[in-house]
Enquirer: 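The following block contains the structure, expressed as structure tokens.
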Amino acid sequence: MLLRLPTSLSEAQRCLAEGAVPVGGATLVWALWQRDGFPEQAMSLRRLPQANLIEREALGAAVLLHQVDDRVPDVLRRAASTVGTGAVRRTATVGGNIVGSTLRCLLPAALVLDARATVLDRDGTYETDLAEVVAKRPLLLGIRWRDPVASGYYKAAGEAGGPPPLVVATAVHDDDGARRLFVAVRDGYEVISGTTPWRTGAEEVLRALDATDLGSLPAEARDEVRREVTAVLDRAAGR
């Protein structure tokens, strides 16, 4: 297998056109390749500058999970810090987790940041939403978002080999003086999200969230949403 390491977008585009298979840290595909056979060409973005950004409002797809630090909002930093083991986080990439993983541990955090994705195909780069990224699995270059007023992240304790633990991500954004709450929950393998304006108290906000897809969650998950929402609204209010 030939591993190609493009250093420019045009070179990465050419690799795609020539059939190179995108690979991050290979933590998700190596076992499959050993079983089913290796592709003739693979492509890593680890030398592509656009895929290695770590900024307050941007994160590249080739960034390793252990590199995600306090330069990004707390919800995204904490999400990355809870993925797998230390050895996995030193190899796995942001793009591999969002696009390649069935668990998508970073997806709830990216959703509450109202993130947009930059992707690359054979025609060039374009911006899209995370729903398209999950559904079509394009070559992700990175994500960008608005810096939130406050954010939070909860991940339940899980057992190795057991079902995916519950994840609750929250963030409050300020849009020209009008604050809005975003919540995303991973329940099993499904990620559900909802948003509502924050005009009144926590109870009114929680009732509004119940009218979204989040209202279909099991009682235990809804209780955790209540706790996390109350906490992030307090932080956003400076309490």
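These numbers come from a predicted model, not from an experiment.
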Enquirer: How about L139 and M43: do any of their side-chain heavy atoms sit closer than 4.5 Å?
Expert: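 A side-chain contact exists here, since the closest heavy-atom pair is under 4.5 Å.
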
Enquirer: What distance do R4 atom CZ and E11 atom CD have between them, rounded to the nearest 0.5 Å?
Expert: 7.0 Å

Enquirer: Which heavy atom of D213 sits nearest to which heavy atom of S193, and what is that distance?
Expert: CB-O, 4.2 Å

Enquirer: Shared ILVMFWY cluster between L16 and L141, side chains joined below 4.5 angstrom?
Expert: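 Yes, it is one cluster - the side chains of L16 and L141 are joined through contacts under 4.5 Å.
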
Enquirer: Can you tell me which residue pairs pass the side chain to side chain donor-acceptor pair (under 3.5 Å) test with a partner in residues 55-68, sequence neighbours excluded?
Expert: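 Side chain to side chain donor-acceptor pair (under 3.5 Å) check on residues 55-68 returns R56-D147.
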
Enquirer: Using only atom types and a distance under 3.5 Å, with no angle test, would you say the side chain of S101 pairs donor to acceptor with the backbone of I98?
Expert: no

Enquirer: Might you point out which heavy atoms bring L103 and Y189 nearest each other, and give the distance in Å?
Expert: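 Here L103 and Y189 meet closest at CD2-CE2, 3.6 Å.
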
Enquirer: So, using salt bridge (charged side-chain N to carboxylate O under 4.0 Å, His left out) as the criterion, who are the partners of E203 when residues are at least two apart?
Expert: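 In terms of salt bridge (charged side-chain N to carboxylate O under 4.0 Å, His left out), with neighbours along the sequence ignored, E203 is linked to R226.
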
Enquirer: Indicate yes or no for a side-chain donor-acceptor contact from R186 to the backbone of P165 under 3.5 Å, with no hydrogens or angles considered.
Expert: yes

Enquirer: Applying side-chain hydrogen bond (donor to acceptor under 3.5 Å, both in side chains), name anything that partners E228, two or more places apart in sequence or on another chain.
Expert: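 For E228 there are no side-chain hydrogen bond (donor to acceptor under 3.5 Å, both in side chains) partners, ignoring immediate neighbours.
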
Enquirer: Could you go through L3 and S44, starting from their C-alpha distance and side-chain angles, then the distance that decides it, and tell me whether this counts as side chain to side chain contact (heavy atoms under 4.5 Å, CB included)?
Expert: CA-CA 7 Å; L3 177 62; S44 168; 4.2 Å; yes

Enquirer: Which atoms form the tightest heavy-atom contact between V112 and A169, and what is the distance?
Expert: CG1-O, 3.2 Å

Enquirer: Would a hydrophobic clustering, with Ile, Leu, Val, Met, Phe, Trp and Tyr connected at side-chain separations under 4.5 Å, put L111 with L166?
Expert: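 L111 does not cluster with L166.
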
Enquirer: In the single-linkage hydrophobic clustering (I, L, V, M, F, W, Y; side-chain heavy atoms under 4.5 Å), do L107 and V63 co-cluster?
Expert: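 Same hydrophobic cluster.
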
Enquirer: Counting distance only, does the side-chain N/O of R235 pair as donor-acceptor with the main-chain N or O of A150 below 3.5 Å?
Expert: no

Enquirer: Could you state the interatomic distance from OG1 (T93) to CG (L65), rounded to the nearest 0.5 Å?
Expert: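 Taking OG1 in T93 and CG in L65, the distance rounds to 7.0 Å.
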
Enquirer: Give, for atom CG of L5 and atom SG of C15, the distance between the pair rounded to the nearest 0.5 Å.
Expert: 8.5 Å

Enquirer: Answer yes or no: is there a donor N or O on one side and an acceptor on the other, between the side chain of R46 and the main chain of A62, under 3.5 Å?
Expert: no

Enquirer: Are V68 and L140 in one and the same hydrophobic cluster, where Ile, Leu, Val, Met, Phe, Trp and Tyr link if side-chain heavy atoms are under 4.5 Å apart?
Expert: yes

Enquirer: Would you please test V119 and K136 for side chain to side chain contact (heavy atoms under 4.5 Å, CB included) and show each step?
Expert: CA-CA 11 Å; V119 301; K136 297 184 178 180; over 6 Å; no

Enquirer: Strictly distance-based, threshold 3.5 Å: is any side-chain N or O of R137 a donor or acceptor partner for the main-chain N or O of V99?
Expert: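 Yes, because the side chain of R137 sits within donor-acceptor range (under 3.5 Å) of the backbone of V99.
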
Enquirer: If you group Ile, Leu, Val, Met, Phe, Trp and Tyr by side-chain heavy-atom gaps below 4.5 Å, do L214 and V229 land in one group?
Expert: yes

Enquirer: What's the shortest heavy-atom distance between A42 and M1, and which atoms?
Expert: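 Of all heavy-atom pairs spanning A42 and M1, the closest is CB-SD, 3.8 Å.
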
Enquirer: Can you sort out the partners of R90 under side-chain hydrogen bond (donor to acceptor under 3.5 Å, both in side chains), two or more places apart, ordered by chain and number?
Expert: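 R90 satisfies side-chain hydrogen bond (donor to acceptor under 3.5 Å, both in side chains) with no residue once adjacent residues are dropped.
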
Enquirer: Can you give me the closest heavy-atom contact between A79 and A109, atom names plus distance?
Expert: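 That closest heavy-atom pairing would be CB-CB, 4.0 Å.
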
Enquirer: For P108 versus C105, what's the shortest heavy-atom pair and its separation?
Expert: CD-O, 3.5 Å

Enquirer: Please name all residues satisfying side chain to side chain contact (heavy atoms under 4.5 Å, CB included) with S216, sequence neighbours left out, ordered by chain then number.
Expert: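 Applying side chain to side chain contact (heavy atoms under 4.5 Å, CB included) to S216 gives I192.
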
Enquirer: To the nearest 0.5 Å, tell me how far L233 CG sits from L206 CG.
Expert: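 Between atom CG of L233 and atom CG of L206 there are 7.5 Å.
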
Enquirer: Identify every side-chain donor-acceptor pair in residues 175-182 under 3.5 Å, counting partners at least two apart or on other chains, and give the distances.
Expert:
residue	atom	partner	partner atom	Å
R179	NH1	A236	O	2.8
R180	NH1	T195	OG1	3.2

Enquirer: Hey, is the main chain of E18 close enough, under 3.5 Å, to the side chain of Q41 for a donor-acceptor pair?
Expert: yes

Enquirer: Hydrophobic side-chain clustering at under 4.5 Å (ILVMFWY, transitive links): who's grouped with L2? Put none if nobody.
Expert: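 Cluster partners of L2: none, it stands alone.
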
Enquirer: Output yes when a side-chain donor or acceptor of R89 lies under 3.5 Å from a complementary backbone atom of G84, and no otherwise.
Expert: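 Checking the backbone N and O of G84 against the side chain of R89, a donor-acceptor pair under 3.5 Å is found.
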
Enquirer: E220: what forms a salt bridge (charged side-chain N to carboxylate O under 4.0 Å, His left out) with it, not counting sequence neighbours?
Expert: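 Scan of E220 (salt bridge (charged side-chain N to carboxylate O under 4.0 Å, His left out), adjacent residues dropped) gives none.
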
Enquirer: Is there a side chain to side chain contact (heavy atoms under 4.5 Å, CB included) between I143 and V133 once you walk through the steps?
Expert: CA-CA 11 Å; I143 56 175; V133 170; over 6 Å; no

Enquirer: For R222, give me all partners under salt bridge (charged side-chain N to carboxylate O under 4.0 Å, His left out), at least two apart in sequence or on another chain.
Expert: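 Per chain and number, R222 pairs via salt bridge (charged side-chain N to carboxylate O under 4.0 Å, His left out) with D210.
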
Enquirer: Between atom CG of L76 and atom CH2 of W145, what is the distance when rounded to the nearest 0.5 Å?
Expert: 5.0 Å

Enquirer: Could I get the full list of side-chain hydrogen bond (donor to acceptor under 3.5 Å, both in side chains) partners for E40, not counting sequence neighbours?
Expert: none

Enquirer: How long is the gap from OH on Y154 to OG1 on T170, to the nearest 0.5 Å?
Expert: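 Taking OH in Y154 and OG1 in T170, the distance rounds to 13.0 Å.
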
Enquirer: For D114, enumerate each residue passing the salt bridge (charged side-chain N to carboxylate O under 4.0 Å, His left out) test, keeping only those at least two apart in sequence or located in another chain.
Expert: R146

Enquirer: Is a side-chain N or O of S151 found less than 3.5 angstrom from the main chain of V75, in a donor-acceptor match?
Expert: yes

Enquirer: Taking side chain to side chain donor-acceptor pair (under 3.5 Å) as the cut-off, I'd like each qualifying pair that reaches into residues 120-133, sequence neighbours left out, listed once.
Expert: R116-E127, Y126-E132, T128-E132

